[in-house]
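Just dropping this structure here.
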Amino acid sequence: MIEVRNLSKHYGSHRAVNNISFTVNEGEIVGFLGPNGAGKTTTLRIVTCYMPATSGSVTIAGHDVLTESMQVRAVVGYLPESVPLYPEMRVREYLQFRGRLHGMDRANRAAAIDRVVERCWLRDVIDRPIGQLSKGYRQRVGLADSLLHNPKVLVLDEPTIGLDPAQIRATRSLIRELAQEHTVILSSHILPEVEATCQRLIIIHEGRLVASGTPDELRQRMTTESNLIAELKGPESDIGASVRKLAGVADVRTTLQDGWTRVSVAAQRDLREDIFRLAIEKHWPLRELRRDIATLEDFFVKVVTGTREQHDGRDEAAAER
Amino acid sequence: MRNVSAIMRRELLSLFCSPIAYIVIAGFLLITGVAVLWTGSFSPGKPASLRDVFFWTPWMLTVIVPAISMRAISEEYRSGTIESLMTAPVSELQLVLGKYFASLIFYVIMLAPTLVYVVLMEAFGNPDWGASLSSYLGLLLIGVMFTAFGLFASSLTSNQVVAWILGWVPLLLFACLAFFVVSLVQGWVRVVFQQVNVIGRFDEFSRGLVTTDGVVFFLATAALFLFLAVKVVESRRWR
């Protein structure tokens, strides 16, 4: 449905988006994740025909965003990050206006407005000026607007930013519902947000695509190297030395806490049984033993800080030269 | 065309929702009324003509017309609604034309009440209808040109006040001061000032003289600035 190939966008010498490629299939709901300033909004603006790319191509439903811009706009519903609306207009007037821009006749407009007002729970505020609405309602008006022409593709830029927790939950479930009829691409810098709603994640950082896959796939990539925590009572140095001897151990750190030794082990495999046997063998009492399952958060942080370290290294190397 | 009318209708709605619209209309009518008294157009013995009033009207319009169009595009930039407009199936040309016609309709609405003076003239005297008609045609053409220029100014910035100043300063300098400068300079400079001399051109209309030259000047200038406005709005694509 959406095909992005070698997309780059430069603002002067600054590279906002650097050679990104990805595909979104029909009916998929894809999360576009990255820290602030990663290039998410820029990419979405290119996808929605707001501005052209420096190089590369984007195709939506078979139409190129550059050469068949109007056809693309007809099949894409876009909710910009700032949710721009006209405060002096009433909700109904605004939706009427947007419907006209999409070339709907009077009957179609009435039906479409009825549909999106129902969907986005706007019935109570339909005759109120937009300027008087709360942030949550405005967000819904924006969403209603992007749904008005029943687009094949929905592009939502930070759809839950600035909402309260209850509204965030409601918006998420609405987006999941919408994904049954539309292909959705949504951006966020908050991981639980996309983890909760999306089937697939695309993580970008500093304009580069650093990882993509389902949440499970990404989590798996992380858990290959897991972290194990154990608390034993015994001489700290002995415990450290014995644990280090176990097969598959990469790194061991010990700390003394009110008479107990806390061991943190990085290992390739699950060492819980080995530690248990070790404790019995040496008669060290054991009061805690657990394996930390890596969260997606860890992965996100690792990916993002990892590339930053790489960058710093490269910059330093360049500076030395 | 449907998009142009949709944008025009929305713009008119917004114009009449803002206090600026009423301030502008009230201000214009007040100044016109004062001008009528001040020029003594209704004094006994004076010719039944509004020519003295009309002489001052373009001066007011240089300041007032950019105030009508100043928010048209700059407000879209400021509030970010340009993003939702330009991702809907709307072209830059349709946007600019919609905004333009809305400002122009507003201008006509603002101008319409001054017809009362013509009616009063008719009640108390025997005015030259041809001259009145061509004066209004001239005012309309001035509106056509000034609105296009004001819209161009509005497309340059996201700040309404800046758009207003960018609108009236050049208009005042070139279009109106040219009327005085034209007799002071020689050679090609004089030719240029003769061409852009809006007051002089309008003076022909208020004498009842409708020339092709004059009509083409106003229409062509309007087309030029509308074209430039479209290009400026498009320029966000390659900036």
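Here is how names work: the chains are called A, B, and so on, in the same order as the sequence lines, proteins then strands, and each is numbered from 1.
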Between chain B and each of A:Cys49, A:Gly12, A:Pro52, A:Gly77, count heavy-atom pairs under 4.5 Å; write down the option with the most.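 Highest number of pairs under 4.5 Å: A:Pro52.
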How about residues 81-102 of chain B versus chain A: which residues have heavy atoms under 4.5 Å apart?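 Answer by number: B:Thr81, B:Ile82, B:Glu83, B:Ser84, B:Leu85, B:Met86, B:Thr87, B:Ala88, B:Pro89, B:Val90, B:Ser91.
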Is it the case that more than 12 heavy atoms not belonging to B:Phe16 sit under 6.0 Å from its CZ atom?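 It does: B:Phe16 CZ has more than 12 such atoms within range.
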Has A:Arg119 got more than 12 heavy atoms of other residues, nucleotides or ligands less than 6.0 Å from its CZ?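 Yes, the 6.0 Å shell around CZ holds more than 12 heavy atoms from other groups.
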Just wondering, are more than 12 heavy atoms of other shown residues or ligands nearer than 6.0 Å to CD in A:Glu118?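 No, because the 6.0 Å sphere around CD of A:Glu118 holds 12 heavy atoms or fewer from other groups.
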Heavy atom to heavy atom, less than 4.5 Å: which residues from residues 120-155 of chain A reach chain B?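 The stretch does not come within 4.5 Å of chain B.
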Using only non-hydrogen atoms and a strict under-4.5 angstrom cutoff, which residues of residues 81-101 of chain A touch chain B?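 Residues A:Pro84, A:Leu85, A:Tyr86, A:Glu88, A:Met89, A:Glu93, A:Tyr94, A:Phe97, A:Arg98, A:Arg100, A:Leu101 are the ones that qualify, each having a heavy atom under 4.5 Å from chain B.
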Other residues, nucleotides and ligands only: do more than 12 of their heavy atoms fall within 6.0 Å of CZ on A:Arg15?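 No, because the 6.0 Å sphere around CZ of A:Arg15 holds 12 heavy atoms or fewer from other groups.
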Heavy-atom cut-off 4.5 Å, strictly under: side chain, backbone, both or neither for A:Tyr50 against chain B?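 For A:Tyr50, heavy atoms of backbone and side chain both lie under 4.5 Å from chain B.
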Quick one: ring pair (Phe, Tyr, Trp, His ring centres under 6.0 Å) partners of B:Phe54, sequence neighbours excluded?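 Applying ring pair (Phe, Tyr, Trp, His ring centres under 6.0 Å) to B:Phe54 gives B:Tyr136.
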By a 4.5 Å heavy-atom criterion (distance strictly below it), what part of B:Glu76 contacts chain A: side chain, backbone, both, or neither?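 Answer is side chain: those atoms of B:Glu76 sit under 4.5 Å from chain A.
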Just so I understand: if I count every heavy-atom pair under 4.5 Å between each of A:Thr54, A:Thr48, A:Leu79 and chain B, which residue has the most?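 Of the options given, most contacts go to A:Thr48.
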